[in-house]
Amino acid sequence: MNPETPDVAAPPSHFNFARHLLERNACRAEKTAFIDDHGRLSYGALADRIRRCASGLRALGLHREERVLLLMHDNNHWPVAFLGALYAGIEPVAVNTLLTAADYAFMLQNSRAQAALVSAALLPTLQAAIDATQGRHELQAIVVSRPDPAQQPALPNDALDFEAWLAAHAPMAEAADTLADDPAFWLYSSGSTGQPKGTVHTHAAPYWTAELYGRHVLGLREDDLCFSAAKLFFAYGLGNALTFPLSVGATTLLMAERPTPDAVFKRWTGEPKPTVFFGAPTGYAGMLASPNLPKREDVALRLGSSAGEALPAEIGQRFGAHFGLEIIDGIGSTEMLHVFLSNRPGDVRYGTTGRPVPGYEIELRGDDGRPLPPKPDGSTDTGDLYIRGPSAALMYWGNREKSRDTFQGGWTKSGDKYQRNADGTYTYAGRSDDMLKVSGIYVSPFEVESTLMQHPAVLEAALIGVPDAEGLTKTKAYVVLKPGAQVDGPALQAFVKERLAPYKYPRAIEFIAELPKTATGKIQRFRLREREASARSAGQ
């Protein structure tokens with residue numbers, strides 16, 4: 001349980017999140033809200049364009065609670081499209097820009113989107129997705145962001161140019177009279193197996209994440225310039241680059257390209273310089289390994305944030321020592337919309353995920369589904385992490401079985417394993433389906449991976465279980481070395497033995513050029529298990 005009760009007023013029963021943001025920033029009409037590769041967008045212009053987008057969507061024939069697919073790279077059109085849909089009471093379905101036509105075909109059919117707002121570079125993939133549905137979709141209109149006349153002289157299939165479309169419609173005078181608990185938008189989960197799940201969130205959900213985490217934990221300010229490596233279509237990126245900064249009147253720097261170390265460094269050292277950076281452990285590791293890592297005096301960062309996977313202590317400590325700041329590591333999920341368990345500025349314990357965000361409750365449960373009893377010192381054994389808080393999603397669209405399994409009364413099942421420490425912090429132990437039981441004892445992949453990454457030659461590591469000849473589980477580590485570094489397997493095994501209980505060291509080590517990951521940077525250990533299964537099958 002979380003004893004803290006933040007002084008945050010609940011939104012009124014009639015509540016439209018887009019209208020809420022516009023009203024909160026009405027006094028900042030001249031201030032810059034967003035900066036992208038093409039220019040700046042002031043709060044006043046943002047409000048005008050949101051209202052025009054709302055009118056444009058209604059003019060396309062969309063009605064309240066119908067869906068519009070949002071397949072766009074991060075630029076100043078994205079927040080206009082997302083908030084314009086909310087303002088009109090239409091539900092934007094924000095989707096990953098890195099997927100295949102088959103993925104989008106599924107999402108078109110699953111969401112029954114009536115229109116699509118798409119970046120010009122992604123239009124061919126969307127058209128392939130439309131063709132792949134063989135007519136089993138409900139798409140009526142396509143609006144294209146930043147078409148290039150030199151490459152595409154005419155928009156196909158009566159598609160509309162985003163800028164011309166906005167200009168053709170007068171701003172909608174009043175926002176749709178939505179309720180705080182009405183469906184507002186969808187995000188597809190980045191699940192490691194099976195079809196993606198359409199996660200339906202309310203108008204109140206982003207309000208709660210902004211107030212409880214963005215304001216009360218991170219302490220974002222109006223004078224901040226926020227820059228997120230995670231893209232807007234991710235739950236993490238949506239909060240970092242839209243919900244949080246707009247809730248405090250700050251400015252956001254958007255980047256359409258992939259967040260490579262050099263691309264990030266270019267923004268850090270450019271003008272204006274970001275003050276708050278939101279990244280993931282994989283990204284921080286890659287930046288620290290880069291020969292182009294900027295000096296402390298070349299950046300203006302005051303705070304770093306990390307989520308997606310638990311941050312290894314060694315990365316947080318090295319990054320903090322180099323730049324003289326803290327990385328605030330937390331865990332969130334698509335189902336809870338953003339971070340619910342986190343370290344805090346001035347109270348960072350690297351190697352842990354901190355404490356519950358005020359307003360959220362955490363419960364660790366055993367294999368029998370019951371809460372784990374605390375030990376005399378207040379700590380617990382490793383258990384399944386459940387969360388209760390106001391930003392939980394309503395459901396997975398059209399998937400009652402998985403909805404019932406994940407959303408259990410007021411609690412949300414995270415699929416993560418954690419243990420509670422005596423001081424009230426929580427330590428990540430891996431995904432529930434990634435945990436390994438070796439000789440009857442749980443082994444946390446993350447703990448072993450973090451230890452391997454303490455070796456100066458190791459960039460990344462992933463641990464899986466491999467059955468031996470007797471069918472017993474043995475641990476195997478896949479290791480990515482830093483450029484130019486050299487070390488052998490026995491040396492790494494000895495390194496782990498010196499730092500962990502002997503039974504935890506990896507029985508086998510394979511060096512690999514790159515680990516398989518999701519678009520959010522999460523390691524896909526199931527891909528490594530598939531690789532092992534294929535190798536065993538071929539050997540037999």
Side-chain angles (χ1 to χ4, degrees), residues 65-74 78-79 81-82 85-86 90-119 122 125-126 128-130 132-133 136-139 183-203 205-206 209 228 230-243 280 307-309 332-338 391-407 412-415 431 433 517-522 524 526-527:
E65 298 183 12
E66 290 184 332
R67 268 78 66 190
V68 55
L69 192 78
L70 180 50
L71 176 58
M72 295 170 63
H73 291 130
D74 280 23
W78 205 104
F82 182 84
L86 264 62
I90 294 162
E91 299 170 27
V93 180
V95 299
N96 189 331
T97 59
L98 304 174
L99 302 180
T100 66
D103 293 317
Y104 300 132
F106 168 79
M107 292 171 179
L108 282 173
Q109 295 174 89
N110 181 249
S111 68
R112 303 177 196 137
Q114 301 294 303
L117 306 179
V118 57
S119 289
L122 298 169
T125 307
L126 177 63
I130 294 170
T133 67
R136 295 188 298 274
H137 67 85
E138 299 184 23
L139 207 61
F185 59 95
W186 294 23
L187 299 172
Y188 275 95
S189 68
S190 57
S192 58
T193 59
Q195 293 282 18
K197 301 180 289 292
T199 311
V200 183
H201 279 287
T202 67
H203 278 270
T209 62
S228 175
K231 300 302 184 181
L232 282 161
F233 56 76
F234 295 129
Y236 181 49
L238 179 63
N240 305 341
L242 189 151
T243 305
E309 283 194 309
S333 67
T334 304
E335 291 76 10
M336 294 303 296
L337 188 56
H338 214 277
S391 62
L394 291 171
M395 61 178 166
Y396 297 130
W397 178 261
N399 198 330
R400 195 174 187 185
E401 180 182 356
K402 287 193 177 295
S403 292
R404 283 175 165 172
D405 182 58
T406 298
F407 306 106
T412 299
K413 179 181 177 182
S414 72
R431 291 288 297 172
D433 54 2
K517 296 170 187 170
T518 67
T520 57
K522 295 180 182 178
Q524 293 176 308
F526 78 96
R527 296 289 185 198

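Worth knowing before you read on, the calculation uses all heavy atoms, side chains too, and leaves out hydrogens, waters and symmetry mates. On a predicted model such as this, the values are computed, not experimentally measured, just so you know.
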The reported gap from NZ in Lys402 to CZ in Arg404 (rounded to nearest 0.5 angstrom) is 14.0 Å
* CZ/Arg136: more than 12 non-hydrogen atoms of other groups inside 6.0 Å -> yes
**Contact check, side chains of Ser403 and Trp397, non-hydrogen atoms, under 4.5 Å** = no
State, yes or no, whether a side-chain contact exists between Thr406 and Tyr396 at a heavy-atom distance under 4.5 Å.
yes
For Ala81 and Met72, the nearest pair of non-hydrogen atoms, with its separation, is CB-SD, 4.1 Å
Between Ala105 and Ala132, the two heavy atoms sitting closest are CB-CB, 4.0 Å
Taking every heavy atom of Asn240 against every heavy atom of Ser228, the minimum-distance pair comes out as ND2-OG, 3.2 Å
Under 3.5 Å, is there a donor on one side chain and an acceptor on the other for Asn110 and Tyr188?
yes
For Leu337 and Leu187 the tightest heavy-atom approach is CD1-CD1, 3.9 Å
List the atom pairs, with distances to 0.1 Å, where a side-chain N or O of residues 90-98 and a protein N or O form a donor-acceptor pair under 3.5 Å, not counting sequence neighbours.
from  : atom 1 : to     : atom 2 : distance (Å)
Glu91 : OE1    : Trp186 : NE1    : 3.0
Asn96 : OD1    : Leu98  : N      : 2.8

Quick one: does Arg67's side chain have a donor or acceptor within less than 3.5 Å of a partner on Arg112's backbone? no
- [ ] Output yes when a side-chain donor or acceptor of Arg400 lies under 3.5 Å from a complementary backbone atom of Gly398, and no otherwise.
- [x] no
- Between Thr133 and Leu139, is any pair of side-chain heavy atoms under 4.5 Å apart? no
Here the gap from Phe407 atom CZ to Thr199 atom OG1, rounded to the nearest 0.5 Å, amounts to 6.0 Å
Using side-chain heavy atoms (C-beta onward) and a distance below 4.5 Å, is Leu117 in contact with Leu69?
no
Original post:
With a 4.5 Å heavy-atom cut-off, do Leu238 and Tyr236 have their side chains touching?
Top reply: no
Distance col, row Ile130:CD1 vs Tyr104:OH, nearest 0.5 angstrom, shows 12.5 Å
### Query
Would you say the side-chain atoms of Asp74 pair up with the backbone N or O of Leu232, donor to acceptor, closer than 3.5 Å?
yes
> Side chains of Glu335 and Ser189: does their closest heavy-atom pair fall under 4.5 Å?
Replying inline: yes
Checklist entry - Any luck finding a side-chain donor-acceptor pair between Gln114 and Glu66 under 3.5 Å? => result no
Distance col, row Lys197:NZ vs Asn399:CG, nearest 0.5 angstrom, shows 7.5 Å
Rounded to the nearest 0.5 angstrom, the CG-CG distance for Leu126 and Leu71 is 6.0 Å
Between His338 and Ala235, the two heavy atoms sitting closest are CD2-O, 3.5 Å
Problem set entry | Validation row: Leu86, His203 side chains within 4.5 angstrom (heavy atoms) | yes
Student check: side-chain heavy atoms of Trp78 and Leu242 closer than 4.5 Å:
yes
One should read off an interatomic distance between Lys413 NZ and Asp405 CG, to the nearest 0.5 angstrom, of 4.0 Å
Keeping the roles fixed (side chain from Ser119, backbone from His73), state whether a donor-acceptor pair exists under 3.5 Å. yes
Taking every heavy atom of Pro196 against every heavy atom of Met107, the minimum-distance pair comes out as CG-CE, 3.9 Å
